[in-house]
Amino acid sequence: MKHPETHTEVPAATRTGRSSAGIGLFATAPIKKGALIIEYTGERITVDEADQRGGQYLFQVTDTLTIDGRGRENKARYINHSCRGNAEAEHLEDGDRIFIRAKRAIKEGEEITYHYGKEFFETYIKPKGCRCVKCTEVKK
Ligand SMILES: [Zn+2]
């Protein structure tokens, strides 16, 4: 499968660090709107296998394909959920890869976040209470 655009793009400069939700991923240089931040990498498994394995780093790509991003080399797994994130996961229609892109311009030092999706939110985040900036602002 070819993704000419993403093949030539250089991922953004990022580092892991402490965030309000544990460990997070932060920009170490400004990132332009629409720019590639990082690829969500990992083992390709079936959705059925993913259901058996469980875990919080499963990223469902299509109806049948899931990426298990638990490996430490997958830095994208450190990106926290936010209901008002500055990044988004790009699903390519014919693709089997997930690219995280900047939804707006991101400043140096800013934490990178994206919305994990309605299903993940309802299942894993909502029961514990969402700790993202948007949700904690509302409660104050
Ligand atoms: Zn939230």
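Counting from 1, the numbers follow the sequence of the chain as shown. One-based numbering, in listed order, for ligands and for the atoms of each. Please read all numbers here as calculations on a predicted model, not as lab measurements.
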Applying the side-chain contact (heavy atoms from CB on, under 4.5 Å) test to Arg70, which of Asn74, Ile67, Asp68 qualifies?
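For Arg70, the side-chain contact (heavy atoms from CB on, under 4.5 Å) check succeeds only for Asp68.
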Do Tyr57 and Phe59 have ring centres separated by under 6.0 Å?
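Ring centroids of Tyr57 and Phe59 are no less than 6.0 Å from each other.
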Heavy-atom neighbours of Glu119 CD exceed 12 at 6.0 Å
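Counting other residues, nucleotides and ligands, CD of Glu119 stays at 12 neighbours or fewer.
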Keeping the roles fixed (side chain from Arg101, backbone from Gly34), state whether a donor-acceptor pair exists under 3.5 Å.
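At least one qualifying donor-acceptor pair exists.
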Spell out the protein N/O/S atoms under 2.8 Å from the Zn ion (ligand 1) as residue plus atom name.
Cys83 SG, Cys130 SG, Cys132 SG, Cys135 SG
What class does the angle between the rings of His81 and His115 fall in, given that below 30° is parallel, 30 to 60° is tilted and above 60° is perpendicular?
perpendicular
Test item: Glu108 and Pro30 side chains (from C-beta on) under 4.5 Å apart, heavy atoms
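SC-SC contact between Glu108 and Pro30 confirmed.
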